[in-house]
*Asks:* 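Quick one: the structure is below, questions incoming.
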Amino acid sequence: MYTASGKSDKNFLLREHAPLVKRLAYQLKARLPPSVEVDDLVQAGMIGLLDAVNRYEDTHGAQFETYAVQRIRGAMLDELRSSDWLPRGVRQNMRKIENAMNSLQQKLGRPPLETEVAKSLKLSLEEYQDLLTDSGGHQLVYYEDFHDADTKEHFLDHYCSDLSGDPLQDLLNDDFRDAVIGAIDSLPEREKLLMGLYYEQELNLKEIGAVMGVSESRISQLHSQAVARLRAYLREKAWTGLA
């Protein structure tokens, strides 16, 4: 993988890691709505791979593949953000669900039941579950979540005093990671199991449905609901110092 001058062979790295781009694209596509085309993710990922090849230096102290994965995933996420793949109406509906969950959690002192959330939203249980189905692919964190519309202050600036570093990365590495762990621990047992099977064991929705004895569509609803609970928890923690 090196040229006669001892430098990394860029063409070799591109050919060798092209299958990695496809694998990462299909992994990401499995968690996104049908409207997202895997070819678009692959194309963005190849741009990320090329960027990694051009920027990589052996002195980074990391294996190239480790470095490339970060660049490839970052390029795919940038593509998703720029194309606004999640309709505005879906985000608005999920925000209503999150607000209802947060309000009920504070009132009840426990995670609210589906029927309680539906009632709070003045929806039937079936209508509420349909909203969850439509919200498949909703992300745990959006960068814009950390912006206070009233004060115009960005949470990352509020949280980090060291402006010379990368505040988002510091947040993800430290308190935010702890907050995510706390949020997952606060989930109802069934949703906690689902998240473990999905993100730790990397089972797909159909396989999780078989384990839990429910349909794949029901697992999709429960996953959307779990993400809504996590987002409601994290948004509250964000503006209380991630205590």
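Numbers here simply count residues along the sequence, with the first being 1. Keep in mind it's a predicted model, so treat the numbers as computed, not measured.
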*Asks:* Would a 4.5 Å heavy-atom cut-off, applied to side chains only, mark Q43 and M76 as touching?
*Replies:*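 A side-chain contact under 4.5 Å is absent here.
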*Asks:* For atom CD of Q106, decide whether the heavy atoms of other residues, nucleotides or ligands shown that lie under 6.0 angstrom number more than 12.
*Replies:*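 Enclosed: over 12 neighbouring heavy atoms sit under 6.0 Å from CD of Q106.
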*Asks:* Give me the atom names and distance for the closest heavy-atom approach of L132 to I97.
*Replies:*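 Looking at all heavy atoms of both residues, the closest pair is CD2-CD1, 4.0 Å.
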*Asks:* Could you grab the distance from atom CG of L131 to atom CG of N93, nearest 0.5 Å is fine?
*Replies:*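 CG of N93 is found 5.0 Å from CG of L131.
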*Asks:* Could you tell me whether the side chain of D51 and the main chain of I47 form a donor-acceptor pair under 3.5 Å?
*Replies:*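 No, because the side chain of D51 does not come within donor-acceptor range (under 3.5 Å) of the backbone of I47.
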*Asks:* Please find the pair of heavy atoms, one from A100 and one from V117, that lie closest to each other, and give the distance.
*Replies:*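 Minimum heavy-atom contact is CB-CG1, 4.4 Å.
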*Asks:* Where is the tightest heavy-atom contact between S220 and L205, given as atom of each residue plus distance?
*Replies:*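 Taking S220 first and L205 second, the nearest heavy atoms are CB-CD1, 4.1 Å.
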*Asks:* Ignoring hydrogens and angles, tell me if any N or O in the side chain of Q201 forms a donor-acceptor pair with the backbone of Y198 under 3.5 Å.
*Replies:*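 Side chain of Q201 to backbone of Y198, a donor-acceptor pair under 3.5 Å: no, none is there.
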*Asks:* Please report the closest heavy-atom contact between A44 and A75, naming both atoms and the distance.
*Replies:*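 Nearest heavy atoms, A44 then A75: O-CB, 3.3 Å.
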*Asks:* Can any side-chain N or O of K192 pair as donor or acceptor with the backbone N or O of D185 at less than 3.5 Å?
*Replies:*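 Flag set: sc K192 to bb D185 pair under 3.5 Å.
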*Asks:* Heavy atoms only: give me the nearest Y233-A183 pair and the separation to one decimal.
*Replies:*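 Taking Y233 first and A183 second, the nearest heavy atoms are CD2-CB, 3.3 Å.
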*Asks:* Check E191 against A226 and note the closest heavy-atom contact, atom names and distance.
*Replies:*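 For E191 versus A226, the nearest heavy atoms are OE1-CA, 3.4 Å.
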*Asks:* Using the side-chain contact (heavy atoms from CB on, under 4.5 Å) rule, take M195 and L230 through it: C-alpha gap first, then chi angles, then the decisive distance, then the call.
*Replies:* CA-CA 11 Å; M195 299 298 272; L230 295 176; 3.5 Å; yes
*Asks:* Take I72 and L20 through the side-chain contact (heavy atoms from CB on, under 4.5 Å) test and state the conclusion after the steps.
*Replies:* CA-CA 9 Å; I72 293 167; L20 173 65; 4.1 Å; yes
*Asks:* How many angstroms lie between CD in Q221 and CG in D130, if you round to the nearest 0.5 Å?
*Replies:*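 Atom-to-atom, Q221:CD and D130:CG are 7.0 Å apart.
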*Asks:* What I want to find out is whether R231 reaches E98 closely enough, with some N-O distance under 4.0 Å, to be called a salt bridge.
*Replies:*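 Answer for the salt bridge query: yes.
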*Asks:* So how far is it from L50 CG to L13 CG, rounded to the nearest 0.5 Å?
*Replies:*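 Reported value, rounded in 0.5 Å steps: 11.0 Å.
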*Asks:* Show your reasoning for whether side-chain contact (heavy atoms from CB on, under 4.5 Å) applies to H17 and M46.
*Replies:* CA-CA 9 Å; H17 293 86; M46 288 302 297; over 6 Å; no
*Asks:* Taking a hydrophobic cluster as the set of Ile, Leu, Val, Met, Phe, Trp and Tyr residues connected by side-chain heavy atoms closer than 4.5 Å, whether directly or through intermediates, do L113 and Y128 fall within one such cluster?
*Replies:*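 In one cluster with L113: Y128, no.
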*Asks:* Quick check for you: to the nearest 0.5 Å, what is the distance between L194 atom CG and E189 atom CD?
*Replies:*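 If we round to the nearest 0.5 Å, L194:CG and E189:CD are 12.5 Å apart.
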*Asks:* Any donor and acceptor pair, going by atom type alone, linking the side chain of H223 with main-chain N or O of I219 inside 3.5 Å?
*Replies:*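 Not a single qualifying donor-acceptor pair exists.
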*Asks:* Do V211 and E207 pass the side-chain contact (heavy atoms from CB on, under 4.5 Å) test, and can you show the C-alpha distance, the side-chain angles, and the key distance before you say yes or no?
*Replies:* CA-CA 6 Å; V211 172; E207 291 169 336; 5.7 Å; no
*Asks:* Mind jotting down which residue pairs meet the salt bridge (charged side-chain N to carboxylate O under 4.0 Å, His left out) criterion with at least one end in residues 101-118? Sequence neighbours excluded, please.
*Replies:*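 Applying salt bridge (charged side-chain N to carboxylate O under 4.0 Å, His left out) to every pair that reaches into residues 101-118, excluding sequence neighbours, yields R110-E116, E114-R218.
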*Asks:* Is it true that, when you exclude Q105 itself, more than 12 heavy atoms of the residues, nucleotides or ligands shown sit nearer than 6.0 Å to its CD?
*Replies:*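 Result for CD/Q105: enclosed.
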